[in-house]
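Have a look at the structure below, then the notes.
Because only heavy atoms are used, hydrogens play no part in the values below, and waters and symmetry mates are left out as well, while side chains stay in.
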Amino acid sequence: MTNSHQPDTAAVSAAERLYTVLAAIPAGTVVTYGQLAALAGFPRRARWVGQMLQRLPEGSRLPWHRVINAQGRSSFPPASPAYARQLQLLRAEGVVISPSGRIALQRHGLN
DNA sequence: TTCGTGACCTAGC
DNA sequence: AGCTAGGCCACGA
C-alpha cells in the first residue's frame with residue numbers, strides 16, 4: 001500500500017464484520033442475504049453480501065451454504081453443482097428442503 | 001466518472 | 001405456484 005487515503009481500511013473492516021457474523025450462524029440455521037447484511041450492520045446491502053460470498057476463497061471455513069435468498073431458496077441455478085452442494089450441506093445439518101428446492105425456515109425450539 | 005453487472009429484495013400480476 | 005418489473009447498492013472496467 002504505497003499511498004493514497006485509506007478507504008482500504010474501511011472496506012476490510014466491513015468484510016471482517018460480515019465474516020464474523022456469518023461465522024456465528026449456527027449449524028442447522030439459515031439466514032437470507034438481507035438478514036445477514038442487517039446483522040452485520042449494513043441494511044440494504046444484500047447484493048454486496050452476495051458479491052462478497054462469491055469472491056470468497058474455497059478454503060474458507062465460513063458457512064456460506066447457510067445463506068439463502070428471501071424466497072427461501074438457493075440463489076444458484078438448480079442445475080449447477082453449487083446448488084446441489086449447498087442443499088447437501090444444509091440437509092446434513094438437519095435443514096428440511098422440499099423437492100422443489102424450498103428451504104424450511106428456522107423453527108424456534110429445537111437446536 | 002459513467003456504465004454494466006449481479007450468490008438481492010419487494011410488489012404485482 | 002411461478003414470472004416480471006422496478007428499486008437498491010457496491011464493485012470493476
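Contact check of residues 77-84 of chain A against DNA chain B (heavy atom, cut-off under 4.0 Å) returns no residues at all.
Within the structure, salt bridge (charged side-chain N to carboxylate O under 4.0 Å, His left out) contacts touching residues 56-79 of chain A (residues at least two apart or in different chains) are A:R66-A:E93.
Between A:Q86 and A:W64 the shortest side-chain heavy-atom distance falls below 4.5 Å. Contact check for A:Y19 versus A:L56: side-chain heavy atoms found under the 4.5 Å cut-off. When side chains are defined from C-beta on, A:L87 does not count as touching A:F76, because their heavy atoms never get closer than 4.5 Å.
Distance, A:N69 CG to B:dG6 C1': 13 Å, rounded to whole Å. B:dC9 atom C1' lies 19 Å from atom CZ of A:F42, rounded to whole Å. For A:Q71 and B:dA11, the CD to P distance is 11 Å, given to the nearest whole Å. Rounded to whole Å, the distance from CZ on A:F76 to C1' on B:dC8 is 13 Å.
Among the protein residues, A:T32 comes within range of the sugar-phosphate backbone only, with heavy atoms under 4.0 Å from sugar or phosphate atoms but none that close to a base.
Atoms CG and CG, from A:L18 and A:L62 in turn, are 8.0 Å apart once rounded to the nearest 0.5 Å.
By the side-chain contact (heavy atoms from CB on, under 4.5 Å) test, A:V21 is found to be paired with A:L36, A:L39, A:A40, residues two or more places apart in sequence or in another chain being considered. Residues meeting the side-chain contact (heavy atoms from CB on, under 4.5 Å) test with A:A92, sequence neighbours left out: none. By the side-chain contact (heavy atoms from CB on, under 4.5 Å) test, A:A84 pairs with no residue at all, sequence neighbours left out.
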> Once each nucleotide of nucleotides 7-13 of chain C is scored for protein heavy atoms under 4.0 Å, what B/S/- sequence comes out, 5' to 3'?
Replying inline: BBSBSS-
